[in-house]
Number of protein chains: 2
Amino acid sequence: MAAGLNRRFYCGVELTLEILQGKWKPVILAHLKEGPMRYGELRAAIPRLSDKMLSERLRDLEEQGLVSRFKIGRRGSPATYRLTRRADSLRSLLGTLNDWGLRVAPEVGAIVEYADVPALRRRRPPVAG
Amino acid sequence: MAAGLNRRFYCGVELTLEILQGKWKPVILAHLKEGPMRYGELRAAIPRLSDKMLSERLRDLEEQGLVSRFKIGRRGSPATYRLTRRADSLRSLLGTLNDWGLRVAPEVGAIVEYADVPALRRRRPPVAG
DNA sequence: GGTACTACGAACGAGTTGGTGCGTAGCGTG
DNA sequence: CACGCTACGCACCAACTCGTTCGTAGTACC
């Protein structure tokens, strides 16, 4: 997360915006705030986000140390993403961002409604489980 | 502020980000949160922000109903900007954005330091004042 | 009066995020 | 086994914010 930030900022908001830059990072983080998610779950939860943007932004967030990726197997097997400990400090902020959006939605005629996230395929549990 | 927002958003953060879109709007709002400011004061408080961007973003914010502009006289005379009543709901969010930035600054080697804002020229007070 | 300041606006280009379309190696399940 | 799914990546383009440069009508102050 430290890359290229060692300069002067004239208020805290400038720094925050630079770290959380872009359309999708805060949205991804906000969803992960609720718990670890599969790539496909994130995809379903954020319908307007393309595969390309999702994978790129996830990689950015990983490099920034805000998201960790857990994967069993190689290509084709699911990856799980979760907020890092480092990102814990963001939880309150993400909540506030969400709350404000929910609050102004009626004023601006917007509809905020979570997408259905289908239960994804899971590795068959052990028989003795 | 209602322009083009009457569609579905999949979480509150998406809506918030769309309203506060861009590099400079939240920064401008954060400064105005502390009290009304002259154009020139804003300019001095946010050194990396160019005239062009400042005037454009202020106009956007005005159109969105988040900032009001007060001006005596025409070109050349100072304009004062302040948050609207409508923007009051943003105060908490702006504070949180600032607080988080201040909090992570040491971790990322960033320096957050407010710019000096010089006392601007004021209309000479009435002699009897 | 003269000059620096004030608050913009026009014209143009840069840069980065975001979007579209397509493809792939491997997995997981019926 | 076959096929749909998974999680990406490549190539290319779009779009919009942002940045640079220059200029202006009028103000404010010395």
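Below, each value reflects all heavy atoms present in this structure, side chains not excepted, and no hydrogens, waters or symmetry copies. Given the structure is predicted, the values throughout are model-derived calculations rather than measurements. Below, chain A is the first sequence line, B the second, and so on; all start at residue 1.
In this structure, B:Gly65 and B:Thr84 approach most closely via the heavy-atom pair O-OG1, 2.6 Å. The two residues A:Ala44 and A:Pro118 have their closest heavy-atom pair at CB-CD, 3.8 Å. The minimum heavy-atom distance between A:Ser77 and A:Lys71, with the atom names listed, is O-NZ, 2.6 Å.
If you take CG of A:Leu54 and P of C:dT17, they are 16 Å apart, rounded to a whole angstrom. Rounded to whole angstrom, the span from the NZ atom of A:Lys71 across to the C1' atom of C:dC27 amounts to 9 Å. Regarding B:Arg75, its CZ atom lies at a distance of 4 Å from the C1' atom of D:dA25, rounded to whole Å. Distance, A:Leu20 CG to C:dT17 P: 14 Å, rounded to whole Å. One interatomic measurement links the two molecules: CE of B:Met53 to P of C:dG15, which rounds to 16 Å at whole-angstrom precision. Residue B:Ile28 contributes atom CD1, which lies 14 Å from atom P of C:dA7 at whole-angstrom precision. Atom CZ in A:Arg59 sits roughly 12 Å away from atom P in C:dT17 (whole-Å rounding). In this structure, A:Arg69 places its CZ atom 8 Å from C1' of D:dA7, rounding to the nearest Å.
Between A:Arg74 and A:Asp51, the one whose closest nucleotide on DNA chain C sits nearer the 5' end is A:Asp51. Between A:Tyr81 and A:Lys52, the residue anchored closer to the 5' end of DNA chain D is A:Tyr81, taking for each the nucleotide with the nearest heavy atom. When the nearest nucleotides of DNA chain C are assigned to B:Glu56 and A:Lys23 by heavy-atom distance, the more 5′-ward of the two goes with B:Glu56.
If you check C:dG18, D:dT27, C:dA25 against the side chain of A:Trp24, the one that comes closest is C:dG18.
Among the protein residues, A:Arg43 comes within range of no part of the nucleic acid, since none of its heavy atoms lies under 4.0 Å from any strand. Heavy atoms of B:Ser55 sit under 4.0 angstrom from primed sugar atoms or phosphate atoms, though from no base atom.
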Between side-chain atoms of residues 13-32 of chain A and protein atoms elsewhere (two or more places apart, or another chain), which donor-acceptor pairs fall under 3.5 Å?
residue: A:Thr16; atom: OG1; partner: A:Gly12; partner atom: O; Å: 3.2
residue: A:Thr16; atom: OG1; partner: B:Leu97; partner atom: O; Å: 2.7
residue: A:Thr16; atom: OG1; partner: B:Gly101; partner atom: N; Å: 3.0
residue: A:Glu18; atom: OE1; partner: A:Arg7; partner atom: NH2; Å: 2.6
residue: A:Glu18; atom: OE2; partner: A:Arg7; partner atom: NH2; Å: 2.8
residue: A:Lys25; atom: NZ; partner: A:Gln64; partner atom: OE1; Å: 3.4

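In this structure, B:Tyr10 is not a member of the same hydrophobic cluster as A:Leu49, with clusters built from ILVMFWY side-chain heavy atoms closer than 4.5 Å.
Remark: the A:Arg57 side chain and the C:dT17 base include no donor-acceptor N/O pair separated by less than 3.5 Å. No N or O donor and acceptor, one from the side chain of A:Arg38 and one from the base of D:dT6, sit under 3.5 Å apart.
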As a quick check of understanding, evaluate side-chain contact (heavy atoms from CB on, under 4.5 Å) for B:Tyr81 and B:Tyr39, giving each step before the final call.
CA-CA 7 Å; B:Tyr81 296 86; B:Tyr39 179 98; 4.0 Å; yes

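Expressed to the nearest 0.5 Å, how far OG of B:Ser50 lies from CZ of B:Arg48 amounts to 13.0 Å.
When the C1' atoms of four end pairs are superposed on the next four at each end of the helix from C:dG1-D:dC30 to C:dG30-D:dC1, using five pairs per end, the two resulting axes differ in direction by 40°, to 10°.
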